[in-house]
Visitor: 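Dropping the structure in here first, questions after.
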There are 4 protein chains.
Amino acid sequence: MKSSILQERKSREKQARIQTILAAALKVFSSQGYHGTSMDAVAEAAELGKATLYYYFKSKDELLLAILENGVHEFFARLEERWKGLTDPIEKLETIPYVGADFFYRHPDYFKLYHYLTAHPVLRKRAFNRLHPLIAEKVQRVQQLFTQAIGEKRIEPLPVEELTEIFGSLVMGMGLFTHPPVTRKSLHRKAQLILHIFLNGIRKQSE
Amino acid sequence: MKSSILQERKSREKQARIQTILAAALKVFSSQGYHGTSMDAVAEAAELGKATLYYYFKSKDELLLAILENGVHEFFARLEERWKGLTDPIEKLETIPYVGADFFYRHPDYFKLYHYLTAHPVLRKRAFNRLHPLIAEKVQRVQQLFTQAIGEKRIEPLPVEELTEIFGSLVMGMGLFTHPPVTRKSLHRKAQLILHIFLNGIRKQSE
Amino acid sequence: MKSSILQERKSREKQARIQTILAAALKVFSSQGYHGTSMDAVAEAAELGKATLYYYFKSKDELLLAILENGVHEFFARLEERWKGLTDPIEKLETIPYVGADFFYRHPDYFKLYHYLTAHPVLRKRAFNRLHPLIAEKVQRVQQLFTQAIGEKRIEPLPVEELTEIFGSLVMGMGLFTHPPVTRKSLHRKAQLILHIFLNGIRKQSE
Amino acid sequence: MKSSILQERKSREKQARIQTILAAALKVFSSQGYHGTSMDAVAEAAELGKATLYYYFKSKDELLLAILENGVHEFFARLEERWKGLTDPIEKLETIPYVGADFFYRHPDYFKLYHYLTAHPVLRKRAFNRLHPLIAEKVQRVQQLFTQAIGEKRIEPLPVEELTEIFGSLVMGMGLFTHPPVTRKSLHRKAQLILHIFLNGIRKQSE
DNA sequence: AATGAATGAGGATTCATTCAT
DNA sequence: GATGAATGAATCCTCATTCAT
């Protein structure tokens, strides 16, 4: 039917518009911080009227959260892609810093914004509430990878929850100290180094 | 002379007042974030008139920076204290997470604030400019510890700059994921775990 | 087309709003002085929200400057109107105090504000920078009138730049000492007196 | 008696202190305007504690008024000095622009400040109330000079009140447009020009 | 669907003035 | 006499959000 085609196109355009806004908002949020960014600035960056933003997003907060969701989705999608075909838990763990590095390379803004929110006393909770469903499942799967590796006696029997946190700090830490020029290669080297230290550090010494 | 005694008391009182303000500001900044905190809120927390804050600190910014400086000073002072009498580079490195843990235990607010700033796209630079002189020297000394340990063939010959960064991420990461109740003991356990992994991970395997 | 009509009405309404604000601001500025007037007061006088002022004018300063520009425009427009059809330089000069008197009668506030700014050590420069393009051309034309009259041996060969200044002081001075009731008649009498003295004072005595 | 000598010295010192403050205040007021000048700025310029200003002057307003009084006193003192020995009314009038020029040369700040106040819608009244007793008498005497000259048929029978105002505008106008370098000579030339025009303009043409 | 216009609430900062010493 | 310290009150300006069109 015609109307359905039309509807579809409309819907596609709407999605595109939303993506435009998200991209613009990400750019300004990440360069000025959440509070340092006015909706005016977002509107200007998106080349849209300010009121239009409110047509698509209920509030500034909502916009921020949508950005985050967007990013987390992408990150996990890429991770899943890499995990396809892999069964070894340690191999799976190894992919994480590389996916992180690639993601940082592609969206340094996003990475920094995420980091910023993680450290923000107020926004952190709001973001957490929203993203928790998305993240919790992945975190649990990573924990299971550690559990599995421990079960296979390939790494030391350390508390998996804390292992996950420490691993997380390391991955997030990649984006913290950056000395330009940041190349994909330099990021991969960093990922490699992190993995080397971390895995070596937890590896079960064969007696 | 009397006047000198008087002067001294005045000076002490002034210092005390400044510390009162810094403490109050730290509390609110760390719980509401920098932008989420109004000077009104700081004034109320300090139980002083708002204008009084401006008598002691030129701006909100300046106040923030003073807090940071204060904390960094304390942190490094404690570190130096622990380093007294130590000569072994690895032993020195080992103290760092513990001093971090203690510091976090004592001033979780400060720790979080520091982390928050590190991740803030705008404040980060401002803070960095101000704190750089203080921090740079310490960072260099830590790098030298790695260099020395490498020279002594006790750890692998990895790039010290990146080692320092990774070590830093780990220490800072301690304060990132916290599940109450946070006890000194639980923090020390975390420090221990970090050290275990990190040192193990970089230790030169004796062939 | 409808849209163009709509657009036009919008534009007209916007202009009207701007004029409303300018009029309100002029009233309060001229009665309380620039610094003595808060934007709140302007907003109240304009019966608009304070933020609305900022929607139309970037700052208090900008508002002031816009008022000035407005007034200077009007003043010069009236002057040009009077000059239409006149060719005699002295006749042209003669119109100036009368236009000034009328203008003062119509907008005593504006006149005073202008005078106030002229005398303000700081605002003066800002205002000057903004208004210079408007004013410079007219001042030059007045100077040329003097030059021409001198050339025609109708007035003494005095330095035209200073003549212009002195003439200016006299015109501005009209608004300085005012004893109510100020009628158009009384102002015209004053203009007449000024002209009498000034022109008589510079008239070439026929030998 | 000792005490009286001591007292006198004290009094002299106090006067000196007051003059210091007045001079400092004049400088900043005239360069930043009344509202643009904080008491802090005055204190700094006077190299005194802010509270000290309040020891000598009840308020910022009072300080301003004292400056004005000071200046008016000096101006009139100089005028009186020049008038000594003169009896001709026109000769007396002729001294005024020269005294004005000298005064402007010596204290351009003061001159501008006075002008600024004259034009200020609010301060004007306050200043007027305070200075009126000082000024009124002089103004009256100037008016009498005109009256006398008219009586002697040396100038036209124009309304003396307005003549005085116009003459005043001219004298004040001297300080309005100034093109550096301002030399005593250039000011005197201007005074001469003003007098030439004004006196010529009102001179009774002998038939 | 898109937006220009409007604004209430709030925030950083300044400042004249006071007061205890 | 002199002043460091303290502050209430104001002031300029910003901003997220709404609404009529």
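A note on names: the letters A, B, ... follow the listed sequences, proteins ahead of strands, and every chain is numbered from 1. No experiment lies behind these values; they were computed from the predicted model shown.
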Visitor: Let me know the distance between NZ of Lys58(B) and P of dC15(E), rounded to the nearest Å.
Guide: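 These atoms are roughly 14 Å apart.
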Visitor: Identify, between Ser59(D) and Ala51(C), the residue whose nearest nucleotide on DNA chain E lies closer to the 5' end.
Guide: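 It is Ala51(C), whose closest nucleotide lies nearer the 5' terminus.
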Visitor: With a 4.0 Å cut-off on N to O distance, would you call Asp40(A) and Lys50(A) a salt bridge?
Guide: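 A salt bridge is present here (some side-chain N lies under 4.0 Å from a carboxylate O).
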Visitor: Whole angstrom is fine here: how far is it from CD in Glu62(D) over to P in dT18(E)?
Guide: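 Atom CD in Glu62(D) sits about 13 Å away from atom P in dT18(E).
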Visitor: For Tyr116(C), does the OH atom have more than 12 heavy-atom neighbours from other residues, nucleotides or ligands under 6.0 Å away?
Guide: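 Result for OH/Tyr116(C): enclosed.
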Visitor: Find the distance Ile18(B):CD1 to dA5(F):C1' and express it as a whole number of Å.
Guide: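 Atom CD1 in Ile18(B) sits about 12 Å away from atom C1' in dA5(F).
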Visitor: Students often mix this up, so state it plainly: with edges at 30° and 60°, are the rings of His35(D) and His120(D) parallel, tilted or perpendicular?
Guide: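 Correct class here is tilted.
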Visitor: Taking only residues two or more places apart in sequence, or in another chain, which ones meet Glu44(C) in a side chain to side chain contact (heavy atoms under 4.5 Å, CB included)?
Guide: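 For Glu44(C), no residue satisfies side chain to side chain contact (heavy atoms under 4.5 Å, CB included) once neighbours in sequence are set aside.
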Visitor: CD of Gln32(D) versus P of dC15(E): gap in Å, rounded?
Guide: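 The distance from CD of Gln32(D) to P of dC15(E) comes to 11 Å, rounded to the nearest Å.
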Visitor: State whether the side chain of Tyr110(D) and the backbone N or O of Leu68(D) hold a donor-acceptor pair below 3.5 Å, judged by distance alone.
Guide: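 Checking the backbone N and O of Leu68(D) against the side chain of Tyr110(D), a donor-acceptor pair under 3.5 Å is found.
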Visitor: Strictly distance-based, threshold 3.5 Å: is any side-chain N or O of Thr37(A) a donor or acceptor partner for the main-chain N or O of Val28(A)?
Guide: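 Answer holds: yes.
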Visitor: For Tyr54(C) and Lys14(B), take the nucleotide of DNA chain F holding the closest heavy atom to each; which residue's nucleotide lies nearer the 5' end?
Guide: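 Comparing both residues, the 5'-ward one is Lys14(B).
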Visitor: Given that both pair distances must be under 3.5 Å and the pair must be Watson-Crick or G-U, what runs of three or more consecutive pairs involve DNA chain E?
Guide: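 Result, WC/G-U stems under 3.5 Å: E:2-21 with F:2-21.
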Visitor: Could you state the atom-to-atom distance from CZ of Phe57(B) to C1' of dT13(E) in whole Å?
Guide: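 Value for this atom pair: 16 Å.
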Visitor: In whole Å, what is the span from the CG atom of Leu63(D) to the C1' atom of dT17(E)?
Guide: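 That distance rounds to 14 Å.
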Visitor: Whether Glu13(C) and Arg17(C) form a salt bridge (side-chain N of Lys/Arg under 4.0 Å from carboxylate O of Asp/Glu) is what I want to check.
Guide: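 Salt bridge absent between Arg17(C) and Glu13(C).
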Visitor: Examine dA5(E): is either OP1 or OP2 under 4.0 Å from a nitrogen or oxygen in the side chain of Tyr55(C)? Give yes or no.
Guide: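 Affirmative; the distance criterion is met.
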Visitor: From NZ of Lys50(C) over to C1' of dC12(F), roughly how many Å is that when rounded to an integer?
Guide: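 Distance, rounded to whole Å: 7 Å.
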Visitor: Closest to the Tyr56(C) side chain: dA6(F), dA2(E), dA5(E)?
Guide: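 The listed nucleotide nearest to Tyr56(C)'s side chain is dA5(E).
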Visitor: Which nucleotide wins on minimum distance to the side chain of Thr52(D), given the candidates dT7(F), dA6(E), dT3(F)?
Guide: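 Nearest nucleotide to the side chain: dT3(F).
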Visitor: Leu53(B) has an atom CG; how far is it from atom P of dT14(E), in whole Å?
Guide: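 After rounding, the reported distance stands at 13 Å.
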Visitor: May I ask you to check whether over 12 heavy atoms, not counting those of Glu47(D), lie within 6.0 Å of atom CD?
Guide: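 Check fails, neighbour count at 12 or below.
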Visitor: What parts of residues 33-48 of chain A reach DNA chain F, counting only heavy atoms under 4.0 Å away?
Guide: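 Output list: Thr37(A), Ser38(A), Met39(A).
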Visitor: Got a donor-acceptor pair under 3.5 Å from the side chain of Lys60(A) to the base of dT17(F)?
Guide: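 Donor-acceptor pair under 3.5 Å: no.
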Visitor: Determine whether Arg126(C) and Asp61(C) satisfy the following criterion, side chain to side chain contact (heavy atoms under 4.5 Å, CB included), listing intermediate values before the conclusion.
Guide: CA-CA 9 Å; Arg126(C) 285 213 282 262; Asp61(C) 237 67; 2.6 Å; yes
